[in-house]
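Just follow the structure's listing: the first ligand is 1, and inside any ligand the first atom is 1. All residue numbers in this chain count up from 1 along the given sequence.
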Amino acid sequence: MRKLMAANWKMYKTSTEATATIEKLSTLLGGSAPAGREVLIFAPFTALEAAATAMRTFHNGSVGAQNMYPAEEGAFTGEISPAMIKSCGASWVLAGHSERRHLLGENDDFIGRKLRFALEKNLNVMLCVGETLEERERGELPIVLERQITLALAGVTAEALPHLALAYEPVWAIGTGRTAEMDDIQEAHSLLKSLVKKHFGKDCKVPILYGGSVKAENASAILALDNVDGVLVGGASLQAESFTKIVTA
Ligand code: 13P
């Protein structure tokens, strides 16, 4: 399976900065990701169109939004619809990122609604899941992942499989510099694989990415793990130089 090398730019970069970063990335990578790898950038809404335009000069690359609202249109002040995202040239959206769960109060039901609506509107969805430090210490990793997966995927059929990716992002490893141990990553990824199999009733080729303090120094060890199909990178994706080292790791 190809490896997805995804960048989550969070609330960083104006459209001018996004264009400059992608142009630099493209130059450093010689216009395309290495064979078997694909670059995906989750840009802020205001830089989405600029990022998608810059990405058109890049092979094996696409752009996604970091959020959306599950409605066609309407009186939802401050929100963005799937059609608006697609009109910018983006083809992906994140759902369930821990910053939206924990800082903005999104729950599993709402995340599930977003995921289903995005798929219905032909966006590819990357569903983020992961436990907090307290949940991990209480031994609740399997319960938390099962709850997050079951509620988000409720009603999602196998037809959606080519448009779905998962990202395991332990909350305690995000932006902390503390990467999960390789054993922890393997354990969580195999739990996720079996939860996906249980939901769809068969082995599925849903890419499962790891995210949480991924950097040039640890990327190749993480990518070499059996059931890791890519990485979702925050801080280290903001500079073209460091993200290039990860993409080529
Ligand atoms: P960091 O790579 O900065 O830890 O962020 C990870 C993340 O949240 C990606 O979605």
Side-chain angles (χ1 to χ4, degrees), residues 3-13 17-18 21-22 25 37-45 47-48 51 61-68 85 90 92-106 111 114-115 118 123-133 135-136 144-145 148-149 152 164-182 184-185 188-189 192 206-223 225 228-249:
K3 301 244 189 230
L4 269 174
M5 314 304 289
N8 176 6
W9 281 351
K10 307 191 180 185
M11 202 174 74
Y12 290 95
K13 295 192 190 292
E17 290 164 347
T21 308
I22 293 172
L25 182 71
R37 302 218 166 159
E38 195 179 319
V39 168
L40 168 55
I41 294 178
F42 291 100
F45 290 136
L48 214 47
S62 41
V63 165
Q66 299 169 15
N67 186 33
M68 51 147 274
I85 291 169
W92 281 83
V93 68
L94 284 177
H97 191 278
S98 78
E99 282 143 23
R100 298 212 61 88
R101 291 178 192 266
H102 300 289
L103 298 174
L104 293 144
E106 290 190 7
I111 292 161
K114 286 208 243 191
L115 179 138
L123 278 171
N124 300 303
V125 183
M126 186 174 293
L127 170 67
C128 304
V129 295
E131 81 290 6
T132 63
L133 189 57
E135 288 166 336
R136 167 163 282 267
V144 172
L145 294 185
Q148 292 176 337
I149 291 290
L164 196 61
L166 301 180
Y168 169 61
E169 298 205 302
V171 180
W172 46 273
I174 296 178
T176 58
R178 182 177 164 192
T179 321
E181 299 296 329
M182 299 299 140
D184 298 335
I185 301 177
H189 280 233
L192 287 172
V206 175
I208 307 177
L209 283 68
Y210 169 77
S213 299
V214 174
K215 33 190 184 288
E217 296 74 36
N218 59 23
S220 62
I222 295 169
L223 287 162
L225 295 173
V228 172
D229 306 306
V231 284
L232 179 55
V233 190
S237 72
L238 294 172
Q239 304 300 326
E241 291 84 355
S242 54
F243 192 49
T244 298
K245 285 188 190 144
I246 293 172
V247 171
T248 55

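Using a 4.0 Å cut-off to heavy atoms of A173, the atoms of ligand 1 that qualify are 4 (O). Shown in contact with E169 at under 4.0 Å from a heavy atom are these atoms of ligand 1, numbered in order with element: 6 (C), 7 (C), 8 (O), 9 (C), 10 (O). Close contacts of ligand 1 with L232, meaning ligand atoms under 4.0 Å from a residue heavy atom, involve 9 (C), 10 (O). Annotation for ligand 1: atoms under 4.0 Å from non-hydrogen atoms of G235 are 1 (P), 2 (O), 3 (O). Applying the 4.0 Å criterion to heavy atoms of N8 picks out, from ligand 1, the atoms 9 (C), 10 (O).
Protein heavy atom in closest approach to atom 2 (O) of ligand 1: G234 N, 2.9 Å. When only non-hydrogen protein atoms are considered, atom 4 (O) of ligand 1 lies nearest to G175 N, 2.6 Å. Scanning the protein for heavy atoms near atom 5 (O) of ligand 1, the closest one is K10 NZ, 3.2 Å.
For the atom pair CD (E169) and CG (L94), the distance works out to 8.0 Å, reported to the nearest 0.5 Å. Rounded to the nearest 0.5 angstrom, T179 OG1 and D184 CG are separated by 11.0 Å. The OG atom of S213 sits 10.0 Å away from atom CZ of R178, with the distance rounded to the nearest 0.5 Å.
Taking only non-hydrogen atoms, the option from M126, Q66, H97 nearest to atom 10 (O) of ligand 1 is H97.
Remark: distances from the non-hydrogen atoms of G211 to ligand 1 are all 4.0 Å or more.
Residues I41 and T21 fail the side-chain proximity criterion, which asks for heavy atoms closer than 4.5 Å. The closest side-chain heavy-atom distance from H189 to L225 is not below 4.5 Å.
The main-chain N or O of G130 is found under 3.5 Å from a side-chain atom of Q148 such that the two form a donor-acceptor pair. With hydrogens and angles ignored, the 3.5 Å screen pairs a side-chain donor or acceptor of K3 with a backbone N or O of L223.
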